[in-house]
Amino acid sequence: MEDLWTVAVAVFQLWIFVVVFFITLPAMFGLSLGVTSVYIQILVKLLEWATIRIQRGREEQPSVPAPLPNGIIERAEGSMEEEMEQLRRSRSLEGGEFALSDALYFCKKGLESIVDDQVTQRFSSEELASWNLLTRTNQNFRYISLRLTIFWGIGVFVRYCVLFPLRSVLSMCICFSVKYWLSEVVHLTCYRICARALSATIRYHNKENRPQKGGICVANHTTPIDVVILANDGCYAMVGQIHGGLMGVIQRSMVRSCPHVWFERSEMKDRHAVTSRLRAHVAAKTKLPILIFPEGTCINNTSVMMFKKGSFEIGGTIHPVAIKYDPRLGDAFWNSSKYNMVSYLLRTMTSWAIVVNVWYLPPMTIQDGEDAVQFANRVKSAVACRGGLLDLAWDGSLKRGKVKDAYKEEQQKMYSRVIVRQNKRKRQREN
């Protein structure tokens with residue numbers, strides 16, 4: 001019994017030594033010992049070997065299915081107006097009259113959306129081309145060899161029995177240790193410890209464009225960890241709705257030490273009240289920059305969806321940020337419809353690592369003659385282009401709501417413009 005107690009004490013002392021000298025102290029000074037980089041390189045080599053082994057297994061076992069494609073519909077490039085004009089010309093319908101055959105085009109588009117629409121797929125995890133030794137139920141992967149299965153079993157032990165305990169204890173200690181008197185330096189230290197607990201490798205680009213005090217930082221949104229990723233390089237005042245459960249506990253702990261702007265659900269519906277509070281915060285140039293995710297929901301790391309105009313009606317300088325995660329070593333996307341916060345954190349803390357690139361874009365301000373919607377779309381396009389993400393005009397609220405009548409009316413207007421345009425051309429030829 002005494003021997004077991006001695007071993008337990010020795011293990012605990014070793015754990016404290018690792019936490020203090022390899023995580024806490026480097027985080028305080030913003031230093032990296034290179035341990036995570038070496039860890040990532042080893043994982044990448046291991047996954048490359050697993051991919052080659054899977055490909056060889058498919059050649060040796062014809063019964064093993066090949067990976068399914070990411071998309072099963074080949075969509076034509078171009079707008080609806082261009083496609084419709086081309087179809088009408090091919091049927092010699094260049095006059096400005098309605099043709100019953102035009103309905104076939106809309107039927108085709110409707111069936112495509114039912115089978116594989118552009119919105120729903122943005123709220124499910126992106127499909128990987130190769131196995132990352134995390135996927136357990138993906139139909140793309142089957143038993144290949146005993147050696148690969150053994151590596152998967154070792155990975156399960158490492159992730160759940162080594163990485164998960166270390167990460168969870170560190171993260172919970174940080175969440176509940178935040179006090180009002182903590183300085184910005186200690187804030188940075190806490191977030192950096194959280195990042196190291198997740199084995200996060202963060203590459204910041206164009207750091208000269210980092211958000212300044214009194215500004216508004218807007219970024220695409222993939223996961224709640226986005227906050228930890230950005231706060232590793234600077235402090236922010238966050239904006240959001242008050243939640244219950246574990247998320248609510250974290251929010252209450254955070255607001256004790258930093259002037260975050262949390263709203264009740266009833267206040268969120270009052271746009272004027274929200275805008276007034278945000279303008280008051282921005283007007284104080286000594287306060288931390290506001291961090292806003294204008295999509296309003298998490299998107300699956302492949303696209304950027306509509307930026308809500310409210311963030312761009314406040315005034316002041318907008319500092320756009322593009323965030324792109326590497327899905328090979330772990331899926332950072334939070335599917336809130338499928339997983340609650342505790343389940344999501346469990347999945348994240350048992351993944352291999354979090355690898356992410358962050359690009360700071362040059363500050364942007366609203367231009368003369370530009371309204372909030374146009375400004376939001378311009379910022380969104382810049383973020384999507386820099387992050388290598390698809391630029392979609394769809395509203396992320398469609399994740400839980402019905403399609404607005406305005407979207408249907410827009411399609412009708414586009415079709416009407418095609419008819420009117422062809423009618424004008426016909427008259428010009430006749431004259």
(request) Before giving the answer on side-chain contact (heavy atoms from CB on, under 4.5 Å), spell out for Tyr325 and Asp331 the whole-Å C-alpha distance, their side-chain angles and the decisive distance to 0.1 Å. (result) CA-CA 8 Å; Tyr325 291 86; Asp331 181 19; over 6 Å; no
Side-chain contact, heavy-atom cut-off 4.5 Å: [X] with [Y]?
| X | Y | result |
| --- | --- | --- |
| Met349 | Leu198 | yes |
| Val358 | Lys324 | no |
| Gln212 | Pro289 | no |
| Pro320 | Val383 | yes |
| Val321 | Val218 | no |
| Pro363 | Asn209 | yes |
| Trp352 | Arg328 | no |
| Ile216 | Ile314 | yes |

Is a side-chain donor or acceptor of [X] paired with a backbone partner of [Y] at a separation under 3.5 angstrom?
| X | Y | result |
| --- | --- | --- |
| Asn232 | Tyr191 | yes |
| Asn220 | Ile323 | yes |
| Lys287 | Lys213 | no |
| Trp334 | Tyr339 | yes |
| Thr223 | Ile225 | yes |

Could you tell me the separation between the [atom1] atom of [X] and the [atom2] atom of [Y], rounded to the nearest 0.5 Å?
| X | Y | atom1 | atom2 | result |
| --- | --- | --- | --- | --- |
| Thr365 | Glu370 | OG1 | CD | 8.5 Å |
| Cys385 | Asp391 | SG | CG | 9.0 Å |
| Leu346 | Ser351 | CG | OG | 10.0 Å |
| Leu43 | Ser199 | CG | OG | 8.5 Å |
| Trp359 | Asn206 | CH2 | CG | 10.0 Å |
| Tyr360 | Cys217 | OH | SG | 7.5 Å |

How close do [X] and [Y] get, counting heavy atoms only, and between which atoms?
| X | Y | value |
| --- | --- | --- |
| Asn301 | Pro327 | ND2-CD, 4.4 Å |
| Ile366 | Arg378 | CA-NH2, 4.2 Å |
| Ala195 | Ile202 | CB-CD1, 4.4 Å |
| Lys308 | Asp395 | CE-OD1, 2.9 Å |
| Ser311 | Ile318 | O-CD1, 4.1 Å |

(request) Test Thr222 against Cys298 for side-chain contact (heavy atoms from CB on, under 4.5 Å), laying out the working first. (result) CA-CA 5 Å; Thr222 303; Cys298 294; 5.8 Å; no
(message) Suppose we screen for side-chain contact (heavy atoms from CB on, under 4.5 Å). Which residues come up paired with Ala376, at least two apart in sequence or across chains?
(response)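 Ala376 satisfies side-chain contact (heavy atoms from CB on, under 4.5 Å) with Phe307, Phe312 only.
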(request) Could you tell me which residues satisfy side-chain contact (heavy atoms from CB on, under 4.5 Å) with Arg203, sequence neighbours excluded, listed by chain and number? (result)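 Partners of Arg203 under the side-chain contact (heavy atoms from CB on, under 4.5 Å) test: Thr201, His205, Val355, Asn357.
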(message) Between the side chains of Asp371 and Lys309, is the shortest nitrogen-to-carboxylate-oxygen separation below 4.0 Å, so that they form an ion pair?
(response)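 No, Lys309 and Asp371 are not salt-bridged.
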(message) Regarding Lys380 and Glu295, does a basic nitrogen lie under 4.0 Å from an acidic carboxylate oxygen?
(response)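 The answer is no: the pair does not qualify as a salt bridge.
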(request) Can you tell me which residue pairs pass the salt bridge (Lys or Arg N to Asp or Glu O under 4.0 Å) test with a partner in residues 221-235, sequence neighbours excluded? (result)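 Every pair satisfying salt bridge (Lys or Arg N to Asp or Glu O under 4.0 Å) with a residue in residues 221-235: Lys207-Asp233, Arg210-Asp233.
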(request) With side-chain contact (heavy atoms from CB on, under 4.5 Å) as the test, would you mind laying out the steps for Met238 and Val227 before giving the verdict? (result) CA-CA 8 Å; Met238 281 165 279; Val227 175; 3.0 Å; yes
(request) Applying side-chain contact (heavy atoms from CB on, under 4.5 Å), run through Tyr236 and Leu288 and close with a yes or a no. (result) CA-CA 5 Å; Tyr236 296 89; Leu288 296 175; 5.7 Å; no
